[in-house]
Amino acid sequence: MASMTSQAAAPPDDAQDPYLWLEDVTGDEALDWVRARNEQTLATFRDEDFERMRTQALEVLDTDARIPYVVRRGEYLYNFWRDAANPRGLWRRTTLESYRTDAPEWDVLIDVDELGRADDQKWVWAGAGVIEPEYTLALVALSRGGSDASIVREFDMKTREFVDDGFQLPEAKSQLAWVDADTVLVGTDFGDGSLTDSGYPRVIKRWRRGTPLTDAETVFEGARTDVRVSASVDRTPGFERTLLGRALDFWNEEVYELRGLPENPELIRIDAPTDASLSIHREWLLIELRTDWFYGAQSYPAGALLAADYDDFLSGTAELSVVFEPDEHTALNHYAWTRDRLLMVTLADVASRVEFVTPGTWRREPVPGIPDATHTVVVAADDTGDEFFLDSSGFVTPSRLMRGTGTGPLDQIKSAPAFFDAENMAVAQHFVASQDGTPIPYFVVRPADAQGPGPTMLYGYGGFESANTPAYSGVLGRLWLARGGTYVLANIRGGGEYGPGWHTQAMREGRHKVAEDFAAVATDLVNRRITSVDQLGAQGGSNGGLLMGIMLTQYPERFGALVCSVPLLDMKRYHLLLAGASWMAEYGDPDNPEDWAFISEYSPYQNISATRHYPPVLMTTSTRDDRVHPGHARKMTAALEAAGHRVFYYENIEGGHAGAADNQQVAFKSALTYSFLWRMLTGPAAVNPGP
């Protein structure tokens, strides 16, 4: 890790933290501080160029020409849609025949804007759990302002009304699963001791219609130190199963099948590795490994996808089949079931490949008809039939939605419009050696005739095994690329672009590799004369916001500006704030001196220097973010100001962890980000950086 100049070699305890009061999310003093900085930031950047960008972004987000992505539930295709007339959105459905047309006839089930007006609440849609295979009832989740916590109401899909005496839950981070039309399994805030230290359900109960929640019967419990417990019910005829999960930490979970009658239940452990991902479909069990596994006399590598007969696996007599095995360049990205086949997407040096897999033989064959030079994802698959939908796009190629059934050819049924002129745009992939010699790939999108350094935005995330892949963004194209800017996507370690090993080597004490990879890409961009230091900006949010904080405090000389969104920054207290405790498997435990020894080396809040030059930074968050506490961004901003650095701050009152609750807010946030970067990276110092 790069050397640091820091005023805070040892972590302050809470009594020494002068900005602890800013963790009071809705406190009057804290909100006054927020409003004052919001006003200063908007006074600086909200000019004609900002408004032009905001309008351009909103046109992209609200246009009816977007693809309305769908999921099949029985005879209908369901979609959730936001536009200018319906900023909070519509839950609606249509038939396949109508969906194929240019102007489908949508049957609106819930108008969230209208519901919000009736309830005098700013509801944000948080999803609907529909009972299968009847598709007659739904458990609808609605959050206030976009927070993770939501209320739940039962909705009758035949009468199109909420059920007055139906299943309802007050605001909490709940989870529910239909057992039958009159019974659900529920995990929620039942009162003292019912939540984990991470703020998620610790107890699962069986709740019968017409009875109070207080009479629900406990069926499963975890420990307070667990991340959460969960329940799911498969009602496929002949394959009915109830599964219960206990997440020991973010990456390890014990999974059980619940059998027997309610008065005599039996829990059967699915004895796969706790850090593996499990998928059960009809008679098949799939096991996706995160670490090497010895089963019987055989060894299987991390990143492999294995298959077994489910009942045989429970009895200990299963023979495992290898569905996919990674190599140095290729990793499993995701998969989905239709009734009789598996759709599998792999990445080879971050380029996607889609294959059909036949259960039993596990023979793989390419899915034909996918457009060249695009990244393809499975957006929906009907696990009761043979229908699936694939979406293909690239940095400069708008999305194309294709439908497939059986073994027939793909049928392109929707295409998104182009939101910017990409005719003269070029996409290139480069590799650079990180500090330890590991090759790090990154994509560069810029005008094909670009000569010399230009304003460049570098994006990175690097955490939680999340792979960043090429995709089309009309907002990015209009607000950045069309103005002559260059966009760079860094596929740094911590992500999942090369399988679980790409992630696990950058966990905990290996976290420094994420920053080293990103800094190496930044340096390579300058060495290739794609940009200059003063013209190079970077952006990241959440875990990527932590990365931006590290760039600011450890690698400030490599950037001209940074955008840090909904970030983790105070790594001494992150595990005490909201859902932070659930991420200790990723980052480590700050209360453990051995863990704090490596966390303290990079924790941005504890490593601010008053003597080192920092580039200007835009810090954004949301008051309603109940996942990553807004106190991180608030305290970091206050400490940077006190150290004499140039920092701009904006906190959206709504938005949750996404930072925005509707398209208007997304457009506003986008305009602020790009206005800040454009101004910082194209000013006199950036354009004329000197000798």
Side-chain angles (χ1 to χ4, degrees), residues 70-80 91-95 107-112 115 125-142 150-190 201 203-220 229-245 256-267 280-282 337 339 380 382-385:
V70 292
V71 60
R72 179 172 291 282
R73 291 187 173 109
E75 61 182 308
Y76 294 106
L77 299 175
Y78 287 75
N79 162 262
F80 185 74
W91 188 40
R92 58 189 192 171
R93 67 188 182 188
T94 190
T95 63
D107 178 15
V108 176
L109 297 175
I110 296 178
D111 182 330
V112 181
L115 181 63
W125 181 257
V130 179
I131 190 169
E132 298 179 4
E134 298 89 345
Y135 308 105
T136 53
L137 298 170
L139 297 167
V140 173
L142 300 161
S150 62
I151 68 161
V152 177
R153 294 180 184 171
E154 184 180 359
F155 183 77
D156 189 319
M157 297 168 70
K158 293 180 295 183
T159 65
R160 302 159 190 272
E161 295 179 349
F162 287 99
V163 181
D164 289 338
D165 57 350
F167 295 111
Q168 297 186 35
L169 290 176
E171 188 174 60
K173 295 181 180 181
S174 306
Q175 76 107 61
L176 295 96
W178 289 104
V179 176
D180 55 45
D182 293 313
T183 314
V184 297
L185 293 179
V186 55
T188 190
D189 186 350
F190 296 108
V203 180
I204 297 292
K205 297 188 178 187
R206 181 182 288 106
W207 186 16
R208 292 180 172 85
R209 184 179 299 282
T211 64
L213 183 61
T214 53
D215 289 350
E217 307 151 358
T218 298
V219 298
F220 190 64
V229 293
S230 60
S232 63
V233 179
D234 186 345
R235 304 186 70 222
T236 303
F239 300 96
E240 295 88 349
R241 299 185 186 99
T242 296
L243 300 180
L244 299 169
Y256 301 83
E257 183 183 345
L258 177 64
R259 291 184 177 179
L261 299 173
E263 59 272 15
N264 188 28
E266 179 186 9
L267 279 179
I280 303 169
H281 174 72
R282 303 180 73 82
W337 282 101
R339 186 188 186 281
D382 180 8
D383 62 5
T384 66

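Nothing fancy with the numbering, it's 1 onward along the sequence.
Counting non-hydrogen atoms of neighbouring residues, nucleotides and ligands closer than 6.0 angstrom, the CG atom of D164 reaches no more than 12 such neighbours.
For T218, there are no side chain to side chain donor-acceptor pair (under 3.5 Å) partners, not counting sequence neighbours. The side chain to side chain contact (heavy atoms under 4.5 Å, CB included) test applied to A172 returns S174, T188, D189, not counting sequence neighbours. For R206, the salt bridge (charged side-chain N to carboxylate O under 4.0 Å, His left out) test picks out E217, with sequence neighbours left out. Remark: R72 engages E387 in a side chain to side chain donor-acceptor pair (under 3.5 Å) (not counting sequence neighbours). Scanning for side chain to side chain donor-acceptor pair (under 3.5 Å) contacts around R73 gives an empty result, with sequence neighbours left out.
A distance of 13.5 Å separates CG of D111 from CH2 of W91, quoted to the nearest 0.5 Å. With rounding to the nearest 0.5 Å, the separation of CD in E171 from CD1 in I151 is 8.5 Å.
Between L213 and F190 there is a side-chain heavy-atom pair separated by less than 4.5 Å. When side chains are defined from C-beta on, I204 counts as touching Q175, because their heavy atoms get closer than 4.5 Å. The shortest side-chain heavy-atom distance between L115 and L142 falls under the 4.5 Å cut-off.
Taking the six-membered ring where tryptophan is involved, the planes of W125 and F80 are essentially parallel, since the angle between them stays under 30° and well short of 60°. Ring planes of W207 and F167: perpendicular class, angle over 60° (limits at 30 and 60°).
Among all heavy-atom pairs drawn from T236 and D234, the shortest one is OG1-OD1, 2.6 Å. Closest approach of V108 to R92, counting heavy atoms only: CA-CB, 4.0 Å. Summarising the geometry of A141 relative to S150, their closest heavy-atom pair is CB-OG, 3.7 Å, with the distance given to 0.1 Å. Contact record, G166 with E154: CA-OE1, 3.1 Å, taken as the closest heavy-atom pair. Across all non-hydrogen atoms, the minimal contact from R241 to I280 is NH1-CG2, 3.2 Å. The nearest pair of heavy atoms linking R93 to R160 is NH2-NH2, 3.8 Å.
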Worksheet item: Given the rule in the side-chain contact (heavy atoms from CB on, under 4.5 Å) test, do F220 and L185 qualify, once you have shown the distances and angles that lead to the verdict?
Response: CA-CA 10 Å; F220 190 64; L185 293 179; over 6 Å; no
Practice prompt. Please report the C-alpha distance between D107 and Y76 in whole Å, then the side-chain angles of each, then the deciding distance to 0.1 Å, and finally whether the side-chain contact (heavy atoms from CB on, under 4.5 Å) criterion is met.
Written response: CA-CA 10 Å; D107 178 15; Y76 294 106; 5.7 Å; no
Discussion item. Under the criterion side-chain contact (heavy atoms from CB on, under 4.5 Å), I'd like the reasoning laid out for T242 against V219: C-alpha separation, chi angles, the key distance, then a yes or no.
Written reply: CA-CA 11 Å; T242 296; V219 298; over 6 Å; no
Practice prompt. Show your working on side-chain contact (heavy atoms from CB on, under 4.5 Å) between R339 and T384 and close with a plain yes or no.
Written response: CA-CA 5 Å; R339 186 188 186 281; T384 66; 5.8 Å; no
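A donor-acceptor distance shorter than 3.5 angstrom exists from the side chain of R209 to the backbone of A181, with no hydrogens or angles considered.
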When the side chains of residues 130-140 are checked against the rest of the protein, which donor-acceptor pairs come out under 3.5 Å, sequence neighbours left out?
| residue | atom | partner | partner atom | Å |
| --- | --- | --- | --- | --- |
| E134 | OE1 | R235 | NH1 | 2.8 |
| E134 | OE2 | R235 | NH1 | 3.1 |
| E134 | OE2 | R235 | NH2 | 3.3 |

